[in-house]
Amino acid sequence: FPTPAPRTETATADQVIAARAAARAAGHAPAALAYALQYEAALRQWDVIGEWIPLSDPRPSVVVSPTSKWIGPMWSQIDEHGVLRLTPGKTEDSSALRVLIPLRECPMVVEELAIVPQSARSGPLIVNPKTGLPYRQIYYRDVWHASAKAAGISKSVWNRDLRASGI
């Protein structure tokens, strides 16, 4: 099969700020934090929201449903200095290199973190406020579409474009 052309769509900082505001207004403040992390820390979507995987996957998880389990970033991966430590999914099976992201150097992330009460900083980093569980990718996509539409962002800009936009 032919390889698809690389994506060239990007979002501006102002568009990400508007999408974050739209997500918060719609009751999805965790999605606003995710957008900020994707953009400013140049992280892939699944490295920010995690992913739901089959129960048969050997990786451990603290979040389990009857049909799947979740793996992804946890609040415990952010230390007292505001440094997020994680192994990106793309390197997990190769070098297993752990990256350190100083979140205090990411103004959008700092703004979103200021909204999160200390009492809510345990368990998965990004959760769907409607369920209390990490977002399912399909629903997160829908939240992005609604946020982007409310922010006036073109349908041609996908959520996954935030990482490249930040770079």
Side-chain angles (χ1 to χ4, degrees), residues 1-54 57 61 63-75 77-78 84 86-90 92 99 101 103 106-117 120-121 123-167:
F1 295 102
T3 304
R7 291 197 47 79
T8 58
E9 298 293 330
T10 59
T12 66
D14 287 340
Q15 289 174 319
V16 176
I17 290 167
R20 289 172 35 229
R24 285 192 308 274
H28 285 279
L33 173 57
Y35 304 160
L37 284 164
Q38 287 176 254
Y39 184 77
E40 289 188 319
L43 291 171
R44 289 177 178 85
Q45 182 185 91
W46 63 77
D47 289 328
V48 173
I49 68 167
E51 61 183 321
W52 288 89
I53 57 175
D57 189 290
S61 174
V63 180
V64 180
S65 78
T67 59
S68 58
K69 62 184 178 180
W70 176 86
I71 57 167
M74 306 285 285
W75 280 101
Q77 290 172 258
I78 301 174
L84 172 63
L86 62 83
T87 302
K90 286 270 189 168
E92 191 173 49
V99 296
I101 302 166
L103 299 179
C106 303
M108 290 184 200
V109 174
V110 169
E111 286 177 16
E112 296 302 331
L113 288 174
I115 297 168
V116 181
R121 297 182 185 202
L125 184 60
I126 306 294
V127 296
N128 178 345
K130 310 268 189 246
T131 66
L133 295 171
Y135 284 99
R136 300 277 179 171
Q137 192 278 331
I138 292 171
Y139 186 68
Y140 183 75
R141 179 200 61 203
D142 294 343
V143 171
W144 165 256
H145 286 308
S147 299
K149 182 177 181 180
I153 299 171
S154 168
K155 284 185 179 182
S156 63
V157 177
W158 299 351
N159 176 264
R160 70 180 185 139
D161 294 328
L162 295 182
R163 175 180 180 263
S165 300
I167 291 172

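Every heavy atom of this structure was used, including side-chain atoms; hydrogens, water molecules and symmetry mates were not.
Rounded to the nearest 0.5 angstrom, Asp47 CG and Arg163 CZ are separated by 8.5 Å. Put simply, NZ on Lys130 and OH on Tyr135 are 8.0 Å apart, with the number rounded to the nearest 0.5 Å. The structure places CG of Leu86 at 9.5 Å from CD1 of Ile78, a figure rounded to the nearest 0.5 Å. Here Leu43 contributes atom CG and Ile101 contributes atom CD1; the two are 4.0 Å apart, rounded to the nearest 0.5 Å. Separation of atoms CD (Gln137) and CD1 (Ile49) is listed at 6.0 Å; rounding is to 0.5 Å. One finds the CD atom of Glu51 at 8.0 Å from the CH2 atom of Trp46 (value rounded to the nearest 0.5 Å).
The minimum heavy-atom distance between Tyr39 and Ala11, with the atom names listed, is CE1-O, 3.8 Å. Closest of all the heavy-atom pairs between Ser68 and Arg136 is OG-NH1, 3.1 Å. In terms of heavy-atom proximity, Pro129 sits nearest to Gly27 at CG-O, 3.0 Å. Between Ser165 and Thr10, the shortest heavy-atom distance links the atoms OG-CA, 3.2 Å. Across all their heavy atoms, Val16 and Met108 have their closest contact at CG1-SD, 3.7 Å.
The closest side-chain heavy-atom distance from Tyr139 to Thr131 is not below 4.5 Å. Contact annotation: the side chain of Val110 never approaches that of Leu113 to less than 4.5 Å [non-hydrogen atoms, C-beta and beyond].
No donor-acceptor pair closer than 3.5 Å links the side chain of Glu112 to the backbone N or O of Val109. In this structure a side-chain-to-backbone donor-acceptor pair under 3.5 Å is missing from Glu9 to Asp161. In this structure, Ser61 contributes its side chain and Trp70 its backbone to a donor-acceptor pair below 3.5 Å.
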Stepwise, does the side chain to side chain contact (heavy atoms under 4.5 Å, CB included) test hold for Asn128 with His28? CA-CA 7 Å; Asn128 178 345; His28 285 279; 3.7 Å; yes

Val143/Tyr35 under side chain to side chain contact (heavy atoms under 4.5 Å, CB included): CA gap, chis, key distance, verdict: CA-CA 11 Å; Val143 171; Tyr35 304 160; 3.7 Å; yes

Let me see the working for Asp57 and Ile71 under side chain to side chain contact (heavy atoms under 4.5 Å, CB included), right down to the final yes or no. CA-CA 10 Å; Asp57 189 290; Ile71 57 167; 5.7 Å; no

Please step through side chain to side chain contact (heavy atoms under 4.5 Å, CB included) for the pair Leu125 and Gln77, ending with a clear verdict. CA-CA 9 Å; Leu125 184 60; Gln77 290 172 258; over 6 Å; no

